[in-house]
Amino acid sequence: KGKRAFIAGIADDNGYGWAIAKSLAAAGAEILVGTWVPALNIFETSLRRGKFDESRILPDGSLMEITKVYPLDAVFDSLEDVPEDIKANKRYAGSSKWTVSEVAESVKEDFGSIDILVHSLANGPEVTKPLLETSRKGYLAAISASSYSYVSLLKHFLPIMNPGGSSISLTYIASERIIPGYGGGMSSAKAALESDTRVLAFEAGRKKKVRVNTISAGPLRSRAAKAIGFIDMMIEYSIANAPLQKELSADEVGNTAAFLASPLASAITGAVLYVDNGLNAMGVGI
Ligand code: NAI
């Protein structure tokens with residue numbers, strides 16, 4: 001029987017979430033997607049109009065099918081948490097059941113269970129500000145959208161995850177090494193995400209035999225990364241300094257996620273796996 005994956009954090013065909021969906025689809029998984037509410041309309045329209053058809057092509061020539069797209073805002077756990085201004089916002093009012101608990105409930109109603117959970121989302125409103133200039137509000141927002149969103153997703157999806165299932169998130173080395181420019185508390189948020197990966201691996205492993213890992217990915221020119229502003233510099237830096245002097249392709253991260261979700265990785269849990277052409281292993285740029 002094929003596996004079913006829920007991938008949170010796809011709104012176009014440029015990010016890691018899309019590449020992970022493709023690798024999982026190529027390996028035979030059924031794909032469900034969670035898309036940020038404000039981005040839902042344009043994503044679904046583009047999908048329907050065939051704008052992504054070229055990037056939907058799988059290695060066997062067929063097109064990746066997305067069985068269902070769910071609206072999702074991962075900073076809200078249930079309807080009671082949603083402030084009035086968001087409820088009244090036109091983009092949000094047009095959709096319903098997009099808090100984390102409601103999405104998990106909808107997936108349960110529609111499909112019963114999943115095998116693979118992917119968290120490929122992050123948001124830090126003050127990411128362009130140095131940590132010393134970051135407000136409490138901005139810092140907490142980064143942690144809420146980029147770290148707790150994962151705790152919440154796993155918490156609400158774990159009850160419908162089949163034993164032997166696998167959960168994956170995306171992190172960045174700014175959690176453990178100084179990357180000037182990755183500000184606003186985003187470095188802190190990734191540190192929390194990596195620490196939580198270990199604790200959640202223990203809890204989900206004992207509770208449901210579910211594995212929990214995170215991929216520390218190298219730089220990719222995604223929509224989110226372009227918003228930070230230094231992505232081209234980071235890509236050039238990596239090509240100049242990493243052991244493997246090539247641009248990282250999103251597919252290489254997608255394939256690693258497919259490996260981690262497969263029985264080939266049945267003893268891997270609680271891990272931070274680098275998929276960065278080896279840049280993390282360098283001590284100095286050379
Ligand atoms: P992306 O822009 O493709 O993905 C980020 C997604 O998060 C977007 O689809 C956005 O709509 C969604 N999102 C933001 N706030 C949300 C919320 N409250 N609820 C639901 N969805 C929300 O960009 P990318 O870069 O592929 O990001 C995916 C993951 O990869 C992130 O965790 C990012 O930190 C991580 N990463 C990215 C690197 C890069 O160089 N692009 C390097 C290392 C890690």
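If you're wondering where the values come from, they're calculated on a predicted model, not measured in any experiment. Remember, it's 1-based here, ligands and their atoms both numbered in the order they're listed. If you read the sequence from its start, that first residue is 1, and numbering goes on from there.
Atom 1 (P) of ligand 1 has as its closest protein heavy atom Ala224 CB, 3.9 Å. Atom 34 (O) of ligand 1 has as its closest protein heavy atom Lys190 NZ, 2.9 Å. Nearest non-hydrogen protein atom to atom 3 (O) of ligand 1 is Gly15 CA, 3.2 Å. The single protein non-hydrogen atom nearest to atom 19 (N) of ligand 1 is Ala74 N, 2.9 Å, given as residue, atom name and distance. Considering only non-hydrogen protein atoms, atom 28 (C) of ligand 1 sits nearest to Ser120 OG, 3.1 Å. Shortest contact from atom 21 (N) of ligand 1 to any protein heavy atom: Trp36 CB, 3.5 Å. Of the protein's heavy atoms, Ser222 OG, 2.6 Å lies nearest to atom 25 (O) of ligand 1. The nearest protein atom to atom 41 (N) of ligand 1, hydrogens excluded, is given as Leu220 O, 3.0 Å; this is a heavy-atom distance.
Residue nearest to atom 15 (N) of ligand 1, selected from Asn123, Val275, Thr214: Asn123 (by heavy-atom distance). Nearest to atom 44 (C) of ligand 1 by heavy-atom distance, out of Thr171, Asp12, Val127, is Thr171. Summarising the contacts of atom 26 (O) of ligand 1 with Tyr16, Phe76, Phe43, Tyr182, the nearest heavy atom is found in Tyr16.
A 4.5 Å side-chain heavy-atom check between Leu72 and Thr35 finds every atom pair outside the cut-off. Looking at Pro243 and Met282, their side chains come closer than 4.5 Å, going by heavy atoms from C-beta outward. Looking at heavy atoms from C-beta onward, Lys246 lies in side-chain contact with Asn277 at the 4.5 angstrom threshold.
When each atom of ligand 1 is checked for a heavy atom of Leu170 under 4.0 Å away, the hits are 29 (C), 30 (O), 32 (O), 35 (C). Applying the 4.0 Å criterion to heavy atoms of Arg223 picks out, from ligand 1, the atoms 2 (O).
Contact analysis puts Leu72 in contact with ligand 1, with a non-hydrogen atom separation below 4.0 angstrom. Heavy atoms of Gly218 come nearer than 4.0 angstrom to ligand 1 in at least one pair. Taking a 4.0 Å cut-off on heavy atoms, Ala145 fails to register as neighbouring ligand 1. Between Ile231 and ligand 1 there is a heavy-atom distance shorter than 4.0 Å.
Using modelled atom types and a 3.5 Å distance limit, the side chains of Asp110 and Tyr70 yield a donor-acceptor pair. Judged purely by distance below 3.5 Å, without hydrogens or angles, the side chains of Trp36 and Asp73 pair a donor atom with an acceptor atom. When only modelled atom types and interatomic distance are considered, Tyr150 and Thr197 share no side-chain donor-acceptor pair under 3.5 Å.
Neither the backbone nor the side chain of Asn14 comes within contact range of ligand 1; no heavy atom lies under 4.0 Å. Contact annotation: for Leu121 versus ligand 1, heavy atoms closer than 4.0 Å belong to both the backbone and the side chain.
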